[in-house]
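Some notes on the structure that comes next.
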Amino acid sequence: MAGMITRSCPCGLPKPYAACCGRFHRGEAAAPTAEALMRSRYSAFVKRDEGYLLRTWHPGTRPPRVEFEPGMRWTGLEILETGGGSAFHSSGTVTFRAAYAGGVLHERSRFERVEGAWVYVDGDFVE
């Protein structure tokens, strides 16, 4: 039954993956806000979509490849605070907690627009 496979997106929003972050991963749409990009990048880590992560990384800080931790299982995303990052901004921050089996990553990420598209610049761990 088709309805059985429609689960909510890994990013935590109630929409199914295909209609949520999946559109961005497939290149059918660009994330409209820094928060949407943050959520789609979290989903890309869950799905191990290296191509999307590299495409949405600032050219000045992008690594040559993404190292996925073997056995790392992401279990949830919580957005704590956003600053800027809307259609009217050229930069923004998103503070989040990303839970994984055995711990939590708490980070304040910086995002900028490059040629109109939101990209991840870098982040600071929050104690």
Under 3.5 Å donor-acceptor, H89 side chain and S91 backbone: no
For residues R41 and T56, is any side-chain donor paired with an opposing acceptor at under 3.5 Å? yes
Can you see whether T33 engages E35 through a side-chain donor-acceptor pair at a distance of less than 3.5 angstrom? no
Is F125 isolated, or which residues cluster with it under the ILVMFWY side-chain rule of less than 4.5 Å, directly or via members? F24, L37, M38, Y42, F45, V46, Y52, L53, L54, W57, V66, F68, M72, W74, L77, I79, V94, F96, Y100, L105, F111, W118, Y120
For the pair V114 and H58, evaluate side chain to side chain contact (heavy atoms under 4.5 Å, CB included) and give the outcome as yes or no after the intermediate values. CA-CA 8 Å; V114 173; H58 192 284; 3.8 Å; yes
State plainly whether the residues E67 and R65 are in salt-bridge range, i.e. N to O under 4.0 Å. yes
Surrounding CD of E69 (heavy atoms of other residues, nucleotides or ligands, distance under 6.0 Å), is the total greater than 12? no
Is the count of non-hydrogen atoms from other residues, nucleotides or ligands lying under 6.0 Å from R55 atom CZ greater than 12? yes
List the atom pairs, donor and acceptor, that lie under 3.5 Å between side-chain atoms in residues 9-23 and the rest of the protein, sequence neighbours left out.
{"unit_1": "Y17", "atom_1": "OH", "unit_2": "H25", "atom_2": "ND1", "d": "2.8"}
{"unit_1": "R23", "atom_1": "NE", "unit_2": "A19", "atom_2": "O", "d": "3.0"}
{"unit_1": "R23", "atom_1": "NE", "unit_2": "C20", "atom_2": "O", "d": "3.4"}

Give the intermediate values and the outcome of salt bridge (charged side-chain N to carboxylate O under 4.0 Å, His left out) for residues R48 and E50. CA-CA 6 Å; R48 296 179 177 247; E50 182 183 36; over 6 Å; no
Tell me which one of E107, H106, E78 satisfies side chain to side chain contact (heavy atoms under 4.5 Å, CB included) with T95. H106
Nearest 0.5 Å, please: how far is CG in D124 from CZ in R108? 7.0 Å
